[in-house]
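Worksheet: the structure to be examined is printed underneath.
Computed from a predicted model, the values in this text were never measured in an experiment.
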Amino acid sequence: MAGKGNPEPRGGVQSVERALDLLELLAEAGSPQGLTQLAAASGLPLPTIHRLMGTLTERGYVRRESARRYTLGSRLVPLAESANKAFGAWVLPALRRVVDLTGETANLAMMEGDAVVYLAHVPSAHSMRMFTEPGRRVMAHCTGVGKALLAQMPVADVRALLSRTGLPAQTERTITDVDELLEELGRIRVEGFAMDNGEQEVGVRCIAARVIHAPGLMALSVSAPLVRMSEADVERIVPVVTAVAAQLGVDSAERQGVAG
């Protein structure tokens with residue numbers, strides 16, 4: 001999002017970018033917002049916001065509630081369903097393959113702002129299994145997918161992100177020192193996979209790998225209770241995760257027409 005005080009991205013249509021910024025602000029807020037709140041969050045003039053919100057409301061993408069407050073409209077629902085269907089057709093077969101090969105739960109996540117958001121999930125057949133609802137947002141420093149994503153970013157950008165979010169301890173294993181985490185990210189870049197050893201949730205281990213050529217920073221992961229994820233299991237699962245993530249990247253590149 002361009003956001004308050006940030007320049008408009010090059011090559012875009014300004015009115016479209018601003019309308020999308022407002023939709024994203026409403027989604028992030030999670031509750032009806034007034035024009036003044038949207039102006040403060042976006043940095044746009046009130047007349048501009050009033051005009052754009054009027055158009056979005058007429059088209060059904062925004063709904064006006066009492067007291068001149070706005071929330072997302074029902075017209076977005078079929079768009080989201082179509083997007084999810086198209087996205088699922090691309091990624092779910094890969095996640096199911098991971099589950100078939102490892103016997104454990106597979107997830108796909110991406111960086112969105114300063115947080116990690118889960119996009120897709122295929123659970124294992126075990127009665128005791130991990131479940132991560134698509135759309136859930138988590139911090140990056142304490143998760144396997146988060147560390148795999150941070151490892152794709154320039155060090156300066158990682159430092160800036162961590163300065164905004166901090167590194168709060170989720171468990172006693174969480175890395176809470178910036179330099180220690182940066183050292184861990186260096187290892188991830190070299191070895192090609194990330195791990196969460198009970199750093200977000202006690203008794204849970206996760207293995208993750210980046211998806212190259214994805215539309216955004218994306219990572220694929222396998223998660224399981226620690227009792228089913230021994231060191232031997234890690235050695236068995238890492239090649240599966242990295243191989244499927246690499247193939248998913250190839251598929252993504254072909255979909256986008258990206259060379260090599």
Side-chain angles (χ1 to χ4, degrees), residues 1 3-4 6 24-31 41 87 91 95 98 104-123 129-189 191-212 214-226 229 234 237-238 241-242 245:
M1 179 184 305
K4 186 175 182 179
N6 293 328
E24 290 176 1
L25 285 172
L26 289 175
E28 292 171 4
S31 61
F87 186 78
V91 303
L95 296 187
V98 171
E104 301 297 349
T105 295
N107 298 289
L108 188 75
M110 75 178 298
M111 188 68 74
E112 187 173 272
D114 289 344
V116 175
V117 59
Y118 286 94
L119 303 174
H121 166 89
V122 175
R129 60 194 179 194
M130 315 316 301
F131 181 79
T132 301
E133 182 180 2
R136 181 188 177 195
R137 299 171 69 87
V138 296
M139 300 189 76
H141 72 288
C142 57
T143 56
V145 286
K147 289 191 285 185
L149 295 169
L150 290 176
Q152 302 181 50
M153 298 168 55
V155 171
D157 291 349
V158 174
R159 286 188 179 275
L161 184 153
L162 297 176
S163 71
R164 294 188 296 268
T165 65
L167 292 86
Q170 305 299 312
T171 74
E172 63 179 14
R173 290 177 172 266
T174 304
I175 298 176
T176 57
D177 179 79
V178 172
D179 290 332
E180 183 181 352
L181 181 61
L182 291 176
E183 183 178 349
E184 172 80 353
L185 298 181
R187 179 201 65 76
I188 292 167
R189 294 186 189 99
E191 297 185 359
F193 70 95
M195 287 194 63
D196 158 18
N197 282 302
E199 297 162 50
Q200 183 195 28
E201 187 175 347
V202 175
V204 176
R205 179 172 276 177
C206 174
I207 301 169
R210 63 179 293 192
V211 178
I212 303 173
L217 296 180
M218 286 189 185
L220 174 73
S221 72
V222 166
S223 56
L226 191 57
M229 186 87 77
V234 171
I237 292 173
V238 164
V241 174
T242 55

Inset, instruction - Could you list all the salt bridge (charged side-chain N to carboxylate O under 4.0 Å, His left out) pairs where at least one residue sits in residues 140-150, not counting sequence neighbours? - result: Lys147-Glu184, Lys147-Glu199

What pair of heavy atoms forms the shortest contact from [X] to [Y], and how long is it?
X	Y	result
Thr176	Leu167	CG2-O, 3.2 Å
Gly144	Ala194	O-CB, 3.4 Å
Ala120	Val91	CB-CG2, 3.9 Å
Ser223	Glu104	O-CB, 3.8 Å
Ile188	Ala148	CG2-CA, 4.5 Å
Met111	Asp114	SD-C, 4.3 Å

Inset, instruction - Determine yes or no for a side-chain-to-main-chain donor-acceptor pair under 3.5 angstrom, with Gln152 supplying the side chain and Met218 the backbone. - result: yes

Legend entry - Backbone of Ala151 reached by a side-chain donor or acceptor of Arg189 within 3.5 Å: yes

Legend entry - Under the side-chain contact (heavy atoms from CB on, under 4.5 Å) test, residues paired with Thr171 that sit two or more places apart: Arg173, Thr174, Val202

Straight-line distance of [X] [atom1] to [Y] [atom2], nearest 0.5 Å:
X	Y	atom1	atom2	answer
Asp179	Arg159	CG	CZ	5.0 Å
Glu180	Ile175	CD	CD1	5.0 Å
Met139	Leu162	CE	CG	8.5 Å
Met229	Met195	CE	CE	7.0 Å
His121	Ser221	NE2	OG	10.0 Å
Thr242	Ile207	OG1	CD1	9.5 Å

Inset, instruction - Would you kindly check if the NZ (Lys) or CZ (Arg) of Arg187 is within the cone defined by 45 degrees around the ring axis of Phe193 and under 6.0 Å from the six-membered ring centre? - result: yes

Inset, instruction - Show your working on side-chain contact (heavy atoms from CB on, under 4.5 Å) between Leu220 and Leu95 and close with a plain yes or no. - result: CA-CA 8 Å; Leu220 174 73; Leu95 296 187; 2.9 Å; yes

Inset, instruction - Mind running side-chain contact (heavy atoms from CB on, under 4.5 Å) on Leu217 and Met110 for me, showing each step along the way? - result: CA-CA 5 Å; Leu217 296 180; Met110 75 178 298; 5.8 Å; no

Inset, instruction - Verify the neighbour count for atom CD of Glu191: are there more than 12 heavy atoms of other residues, nucleotides or ligands below 6.0 Å? - result: yes

Legend entry - Residue of the set Val116, Val155, Val145, Leu161 for which side-chain contact (heavy atoms from CB on, under 4.5 Å) holds with Leu150: Leu161

